[in-house]
Student: 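Let me give you the structure first, and then I'll get to my questions.
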There are 2 protein chains.
Amino acid sequence: MTISGHGSAAKSIVDELRNEIISGHLQSGERLGEMALAERFSVSRGPIREALRSLADAGLVSFAPNVGARVRRMTIEDARALYEVRAALESEAARLAASRASKDDARQLIDLLVNQEPVVRAHPHGAYLQGGGDTDFHAVISRLSDNRLITRLLFEELYPQLLLLRQQHQNVRGRGVEALHEHERIAEAISQGEPELAGMLMRRHIRESWTSLERQMASEGEG
Amino acid sequence: MTISGHGSAAKSIVDELRNEIISGHLQSGERLGEMALAERFSVSRGPIREALRSLADAGLVSFAPNVGARVRRMTIEDARALYEVRAALESEAARLAASRASKDDARQLIDLLVNQEPVVRAHPHGAYLQGGGDTDFHAVISRLSDNRLITRLLFEELYPQLLLLRQQHQNVRGRGVEALHEHERIAEAISQGEPELAGMLMRRHIRESWTSLERQMASEGEG
DNA sequence: ATTCAAAAGATTGTAAACAATCAAAGAGAA
DNA sequence: TTCTCTTTGATTGTTTACAATCTTTTGAAT
């Protein structure tokens, strides 16, 4: 679960390594030797081991006993499983948000989208997810769901893996305009207190996102 | 994520401690000092620290920096969040199983229930979940979903926490007969290849389970 | 040239000692 | 008595050293 604790040394090391993995500075499959990292961060192997375990929990690093850690390589099967779980958790979050959100909360969600609209229209195929806009939207819904477990699973396990996936298949383009439109419909359902509809729209939204990504990953194998 | 690795020492320590926590031999809130555990297992503090981190990832142990680990105390809010996530993941699993399961797989699922029926009828209020029968049913659906991430989340994070919850609120009784009947309807939907129906029935099944548990936890506060 | 085996090198797993932080006990004053 | 400050004790965080395992290299035999 990784509640939070984690000796302060390991914590900052985790953050740094996560950024380097997600940004592609550390390539997929690359070995993460404990001694090498210990020297790099001017620290002993203890905190390094703890940091690597934590990254493995987040799904960014893979282990082999007596062999060590490597930057995880995401297969297309991993990606499919990831999107299926994401659909389950986010549609549940949308459902709960529609049940529990106050009028004020819902209004805040809609305002967020109104502010994002001009930005998205300026970059129709922008990396919506990575840019923060998409993250904001889903983060707000996560908060409105009032379920800390869902929020933790999404932000500490699924989203990092999604970013890693994007990093490893670089030619993925966002669906900026379409996604924004789908967001608007979801926000509307939440603000009107319709859990079933909100959940269904969110599920469809994520399925569309996966369809788009899957197509790009497939064509990647050809070219 | 805790792929598997984990030095062999830590692995067995994790298993032992998990059993002791779930069985109630270690009470909730009890301190888990590193030195004490190191002596108990005749091992140094290194593997102990790794084991405790792993248990924290499973949600059985809570941390405070510079203070240490304790057996996690599950609040009613934790329980609610847990059941909401469980509903999301298991209904997704049922949905996927209905989409993907072969006729043979589905038949196997129904056979499982037929075999369990006489056992459940003999103990109508038995601890279905803990006894293995319920676990078997959900495990099979998990496998039929063909999604390793769902399976891992359920068996390494959610189910252990559910068992801990049961341990801390001891007067919970199962819904043996009703649950079995609901299982039969779910299995039927899966075998007939109806994802929407299977998902909906599973969601309802888990909601009923939660309603029953919530009522018992509430009455616990009174008596 | 290829394949297998054995030894050398490198890396992870574990143990033991040191440093830093926190919690509790005790003394003193209001 | 109660509150606060200080000190003491205990526990976690970190480092260093040792043991076990794996990977790679080297060599010979086919």
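If you're wondering where the values come from, they're calculated on a predicted model, not measured in any experiment. Naming: A, B, ... by sequence-line order, numbering from 1 per chain.
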Student: Rounded off to whole Å, could you give me the CG-to-P distance for the B:Leu52 and D:dT11 pair?
Tutor: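 These atoms are roughly 14 Å apart.
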Student: Kindly assign one of parallel, tilted or perpendicular to the pair B:His138 and B:His205, based on the angle between their ring planes and the thresholds 30° and 60°.
Tutor: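 B:His138 vs B:His205 ring planes: parallel.
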Student: Round to the nearest Å and state the distance from A:Phe63 atom CZ to C:dT11 atom P.
Tutor: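 So the CZ-P distance, A:Phe63 to C:dT11, works out to 16 Å.
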Student: Test of understanding: with side chain to side chain donor-acceptor pair (under 3.5 Å), list the residues that count as partners of A:Arg40, not counting sequence neighbours.
Tutor: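 Here the qualifying residues are A:Glu20.
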Student: Closer than 4.0 Å, any side-chain N/O of B:Arg53 to the OP1 or OP2 of D:dG13?
Tutor: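 So the side-chain polar atoms of B:Arg53 do come within 4.0 Å of the phosphate oxygens OP1 or OP2 of D:dG13, strictly under.
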Student: Ignoring backbone atoms, establish whether A:Arg49 has a side-chain N or O less than 4.0 Å from OP1 or OP2 of C:dT12.
Tutor: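 Indeed not, no polar side-chain atom of A:Arg49 lies that close.
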Student: Could you encode protein contacts along nucleotides 17-23 of chain C as a string, one character per nucleotide from 5' to 3', using B for base contact, S for sugar-phosphate-only contact and - for no contact, with a heavy-atom cut-off of under 4.0 Å?
Tutor: B---SSS
Student: Measure from the side chain of A:Ser8, starting at C-beta and using heavy atoms only, and say which of D:dT14, C:dT12, C:dT14 lies closest.
Tutor: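 Nearest to the side-chain atoms of A:Ser8, counting from C-beta on, is D:dT14.
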Student: Mind calculating the distance between CE (A:Met35) and P (C:dA10) to the nearest angstrom?
Tutor: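 The distance from CE of A:Met35 to P of C:dA10 comes to 9 Å, rounded to the nearest Å.
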Student: List for me each residue that meets side chain to side chain donor-acceptor pair (under 3.5 Å) alongside A:Arg204, sequence neighbours excluded, and say none if there are none.
Tutor: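 Here no residue qualifies.
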Student: Heavy atoms only, 4.0 Å cut-off, all strands: where does B:Gly46 land among base, sugar-phosphate and nothing?
Tutor: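 Contact class for B:Gly46: none.
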Student: Provide, to the nearest angstrom, the distance between the CZ atom belonging to B:Arg70 and the P atom belonging to D:dT11.
Tutor: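 Rounded to whole Å, this separation is 12 Å.
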Student: Using every non-hydrogen atom in the two residues, find where B:Glu84 and A:Asn147 come nearest and quote the distance to one decimal.
Tutor: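 Scanning both residues, the minimum pair turns out to be OE1-ND2, 2.7 Å.
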Student: Distance check needed: D:dT15 C1' versus A:Glu39 CD, whole Å only.
Tutor: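 Rounding to the nearest Å, CD of A:Glu39 and C1' of D:dT15 are 14 Å apart.
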Student: Does any pair with a residue in residues 208-218 of chain A pass salt bridge (Lys or Arg N to Asp or Glu O under 4.0 Å), and if so which ones, sequence neighbours excluded?
Tutor: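 Pairs touching residues 208-218 of chain A that pass the test: none.
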Student: Taking only the side-chain heavy atoms of B:Glu34 (C-beta and beyond), determine which of D:dG13, C:dA15, D:dT14 contains the nearest atom.
Tutor: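 Closest of the options to the side chain of B:Glu34: D:dG13.
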Student: Nearest-Å distance, CD (A:Glu50) to C1' (C:dG13)?
Tutor: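 The distance from CD of A:Glu50 to C1' of C:dG13 comes to 16 Å, rounded to the nearest Å.
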Student: Can you name the side chain to side chain donor-acceptor pair (under 3.5 Å) partners of B:Arg73, sequence neighbours left out?
Tutor: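 In terms of side chain to side chain donor-acceptor pair (under 3.5 Å), with neighbours along the sequence ignored, B:Arg73 is linked to B:Ser28.
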Student: So, using side chain to side chain donor-acceptor pair (under 3.5 Å) as the criterion, who are the partners of A:Ser212 when residues are at least two apart?
Tutor: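 Scan of A:Ser212 (side chain to side chain donor-acceptor pair (under 3.5 Å), adjacent residues dropped) gives A:Gln216.
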